[in-house]
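Attaching a single structure in structure tokens format; questions to follow.
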There are 2 protein chains.
Amino acid sequence: MQKTDDEPKGPTSLQRGLRLLRVLAGAPPDGMRLSDLARLAGETEATAHRLARALTAEGFVDRTPDRRYRVGLDFFSIAARAETADNLRDICRPALLRLSATLNDTIFLLVRSGLNVVCLDRADGPFPIRSFTGDIGGRIPLGMGQGSLVILAYLPPDEREEVIRFNLPRLIDRGPIDEAFLRTEIEKVLASGHAATDYGLLTGMIGVAVPIFDTTRRVVAALSVGTLTERLTAERRAKVVELLNREAEAIGRRLSPFDPALRHPARFLGGVRAPG
Amino acid sequence: MQKTDDEPKGPTSLQRGLRLLRVLAGAPPDGMRLSDLARLAGETEATAHRLARALTAEGFVDRTPDRRYRVGLDFFSIAARAETADNLRDICRPALLRLSATLNDTIFLLVRSGLNVVCLDRADGPFPIRSFTGDIGGRIPLGMGQGSLVILAYLPPDEREEVIRFNLPRLIDRGPIDEAFLRTEIEKVLASGHAATDYGLLTGMIGVAVPIFDTTRRVVAALSVGTLTERLTAERRAKVVELLNREAEAIGRRLSPFDPALRHPARFLGGVRAPG
DNA sequence: TTGAATTATTCCGGCATACGGAATTTATCG
DNA sequence: CGATAAATTCCGTATGCCGGAATAATTCAA
């Protein structure tokens with residue numbers, strides 16, 4: 001081989017091994033044969049085999065009984081154990097401040113927690129706002145309020161149905177809602193990409209919310225703005241949604257799907273992690 | 001360097017790089033300095049630097065502005081693919097929600113990974129629960145804890161023996177267990193169809209677990225509930241087991257006969273085949 | 001601000017070792 | 001059962017890795 005240029009080459013076997021991981025993560029739902037793996041990674045079969053063997057020995061790759069390779073469960077385990085330095089609240093705070101300052105309204109950050117949604121943070125605007133969510137730490141059933149609704153809407157179908165089945169009584173109990181209404185609103189959310197339903201419970205108030213997806217396209221949270229109904233003309237709403245979405249997307253790109261804050265929001269409410 | 005032993009060594013730089021990843025995932029909330037990384041991984045700083053650079057270039061590691069290393073975001077999106085082909089987690093989630101809401105306790109979904117069991121998902125109940133399994137991604141040896149025990153118990157006999165042979169020391173090391181105890185408990189599991197052993201390690205806590213079989217009657221996972229000892233009277237336990245089993249069976253019917261991880265080279269040819 | 005201690009990065013020579021062509025074993029298929 | 005394809009092992013060689021040591025950058029104390 002001739003060395004034409006002086007690329008800052010690193011340990012080749014590491015580079016190649018990682019590329020194998022990428023390839024494995026890339027396509028197959030049920031694993032990949034060695035020959036395909038080699039071809040896609042641009043390696044000879046001998047080399048791919050050697051690397052795959054090492055990856056397997058280290059637990060980063062699993063082998064299926066029919067001799068196929070796939071990303072290993074240990075990999076999942078390692079990733080889940082890795083703590084991302086910033087929890088969701090820290091990541092989102094600048095966005096909340098920006099939105100609050102730009103829109104002159106109150107911004108909420110909502111995270112799902114089982115069958116509920118928890119308000120993880122808020123940045124107040126100049127107008128006093130009443131909301132379903134209430135203050136930081138506030139907890140409402142999935143489906144009640146715009147931010148909550150938007151999360152519910154984007155859940156995987158199975159899961160969404162399950163949540164609805166359980167929460168419907170709670171929702172009916174707390175507001176002028178029935179199943180038909182809820183389903184209609186969910187459809188609206190999925191069609192428009194945001195929630196702006198007026199529940200009619202907080203007179204003069206209205207909210208607009210957009211979903212935050214993690215890097216695997218799962219809903220994990222919602223950004224929501226609470227404002228006075230009169231302030232939200234149709235054209236302003238479009239603008240608001242656009243701004244919210246821009247921030248939501250930026251946030252989503254930075255989210256690990258394993259962030260503990262997404263799983264146990266309550267632990268992070270105090271700003272300090274609770275033990276256990 | 002002297003190498004007297006003739007282990008089938010693999011590409012060292014790959015092994016070392018992966019170890020760096022493990023170390024990185026292990027401890028730091030806000031990243032790790034090179035020197036610490038090197039020390040914890042048992043590498044010279046020069047080597048650690050070279051490897052870390054390669055990992056960074058490949059996107060598996062990020063650098064913070066203050067020159068610290070941390071697990072990269074790409075790492076997570078790849079890891080998210082590491083679930084079983086049937087996406088066991090998605091399939092089971094509604095069941096976890098149902099159980100958690102119905103029982104008011106914390107539900108765990110556990111899958112086997114080689115000689116270990118990994119917590120794939122959990123749905124928290126209102127009570128804070130301590131468990132062997134820990135949080136999502138937590139790993140424990142096969143045989144430790146109820147969910148893990150139930151999986152071990154239902155493995156094919158020769159495979160089970162091999163796992164026991166391997167894990168017994170680890171189990172003894174981590175709890176008041178000896179071989180006789182383990183075998184007695186396995187018998188109990190096979191007789192009753194569930195595990196409810198009180199290991200006595202987590203005072204006040206107890207768990208009940210049932211197996212999930214795929215359509216070929218192989219254990220692939222376990223559903224487990226963690227609760228306060230006082231909440232689990234005998235009659236309630238019967239009820240709990242029944243609920244768990246109902247969900248486990250429903251899940252099993254949806255599983256295609258794909259074995260997630262049999263990375264341990266075991267030749268069961270001519271051995272006992274699961275009765276079709 | 002200065003200087004010393006700590007940490008990060010680069011260099012480089014020697015030698016271990018990873019590469020890949022080819023042979024061998026093992027699975028898959030007609 | 002023979003043929004084809006895939007997986008795994010072998011092995012000589014040159015390639016790229018390792019780590020001691022030099023250099024650069026950063027932190028810290030005073």
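Values below: every heavy atom of this structure, side chains too, minus hydrogens, waters and symmetry copies. Chain identifiers are assigned alphabetically (A, B, ...) following the order of the sequence lines, protein sequences preceding nucleic acid strands; residue numbering begins at 1 within each chain.
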**Q.** Distance test, side-chain N/O of A:Arg67 to OP1/OP2 of C:dA27, below 4.0 Å
**A.**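 Answer yes for this pair, as a side-chain N or O of A:Arg67 is under 4.0 Å from OP1 or OP2.
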(Q) Between B:Glu159 and B:Arg218 (salt bridge meaning N to carboxylate O under 4.0 Å), is one present in this structure? (A)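 Salt bridge absent between B:Glu159 and B:Arg218.
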**Q.** Interatomic distance where CZ belongs to A:Arg39 and C1' belongs to D:dA6 [whole Å]
**A.**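 Computing the A:Arg39:CZ to D:dA6:C1' distance gives 13 Å.
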Q: Name all residues meeting the side-chain hydrogen bond (donor to acceptor under 3.5 Å, both in side chains) criterion together with B:Arg174; count only those two or more places apart in sequence or in a different chain, and write none if there are none.
A: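 B:Arg174: no side-chain hydrogen bond (donor to acceptor under 3.5 Å, both in side chains) contacts found.
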Q) Can B:Arg93 and A:Asp158 be counted as an ion pair, charged N to O under 4.0 angstrom? A)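 No salt bridge links B:Arg93 with A:Asp158.
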Q) Taking all non-hydrogen atoms of both residues, which atom of A:Ala248 and which atom of A:Pro211 are closest, and how far apart? A)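 Heavy atoms of A:Ala248 and A:Pro211 come nearest at CB-O, 3.5 Å.
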Q.
For a quick check of understanding: with a heavy-atom distance under 4.0 Å over all strands, which category does B:Arg68 fall into, base, sugar-phosphate or nothing?
A.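 Here B:Arg68 touches no strand at all.
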Q | Length of the line joining A:Leu14:CG and C:dT17:C1', which is rounded to integer Å | A |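 For the pair A:Leu14 CG and C:dT17 C1', the rounded distance is 15 Å.
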Short heteroatom pairs, N/O only, protein and nucleotides 9-11 of chain D, under 3.5 Å:
unit_1, atom_1, unit_2, atom_2, d
D:dT9, OP2, A:Arg53, NH2, 2.6

(Q) What is the separation between atom CG on B:Asp66 and atom P on D:dC28, rounded to the nearest whole Å? (A)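 Atom-to-atom, B:Asp66 to D:dC28, this comes out as 11 Å.
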Q: Classify the nucleic acid contact of A:Thr47 as base, sugar-phosphate or nothing, counting any heavy atom under 4.0 Å across all strands shown.
A: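 Base: the residue A:Thr47, judged by heavy atoms under 4.0 Å, touches a nucleobase.
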Q: Specify the residue among B:Leu51 and A:Arg33 whose closest nucleotide of DNA chain D lies further upstream toward the 5′ end.
A: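 Nearest-nucleotide comparison on DNA chain D picks A:Arg33.
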Q. In whole angstroms, how far is the P atom of D:dA6 from the OH atom of A:Tyr69?
A.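 Going from A:Tyr69 (OH) to D:dA6 (P), I get 14 Å.
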Q. Aromatic rings A:Phe75 and B:Phe75: how do their planes relate, parallel, tilted or perpendicular, breaks at 30° and 60°?
A.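 Geometry flag for B:Phe75 against A:Phe75: tilted rings.
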Q: Ignoring backbone atoms, establish whether A:Ser13 has a side-chain N or O less than 4.0 Å from OP1 or OP2 of D:dC17.
A: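 For D:dC17, neither OP1 nor OP2 has a side-chain N or O of A:Ser13 closer than 4.0 Å.
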Q: Output yes when at least one side-chain N/O atom of A:Thr12 is less than 4.0 Å from OP1 or OP2 of D:dC17, else no.
A: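 Indeed, a polar side-chain atom of A:Thr12 lies that close.
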Q.
Without decimals, in angstroms, what is the distance between B:Leu40 CG and C:dT7 P?
A.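 These atoms are roughly 13 Å apart.
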Q.
Any side-chain N or O of B:Thr44 below 4.0 angstrom from OP1/OP2 of D:dG20?
A.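 Looking at the OP1 and OP2 atoms of D:dG20, neither is under 4.0 Å from any side-chain N or O of B:Thr44.
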Q: Calculate the interatomic distance between B:Arg19 atom CZ and D:dC18 atom P; express it in whole Å.
A: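 Taking atom P of D:dC18 as the reference, CZ of B:Arg19 is at 12 Å.
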Compile the donor-acceptor pairs under 3.5 Å between side chains in residues 147-154 of chain B and protein atoms, sequence neighbours left out, one pair per line.
unit_1, atom_1, unit_2, atom_2, d
B:Ser148, OG, B:Pro141, O, 2.9
B:Ser148, OG, B:Gly143, N, 2.7
B:Ser148, OG, B:Met144, N, 3.4

Q: Nearest whole angstrom, please: distance from the P of D:dC17 to the CD of B:Gln15.
A: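 Result: 14 Å.
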Q: Decide whether a cation-pi geometry holds between B:Arg63 and B:Tyr69; the criteria are a distance under 6.0 Å from NZ or CZ to the six-membered ring centre and an angle within 45° of the ring axis.
A: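 That pair qualifies as a cation-pi contact.
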Q: In whole angstrom, give the distance that lies between atom CG of B:Leu34 and atom C1' of D:dT27.
A: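 In whole Å, D:dT27 C1' and B:Leu34 CG are 16 Å from each other.
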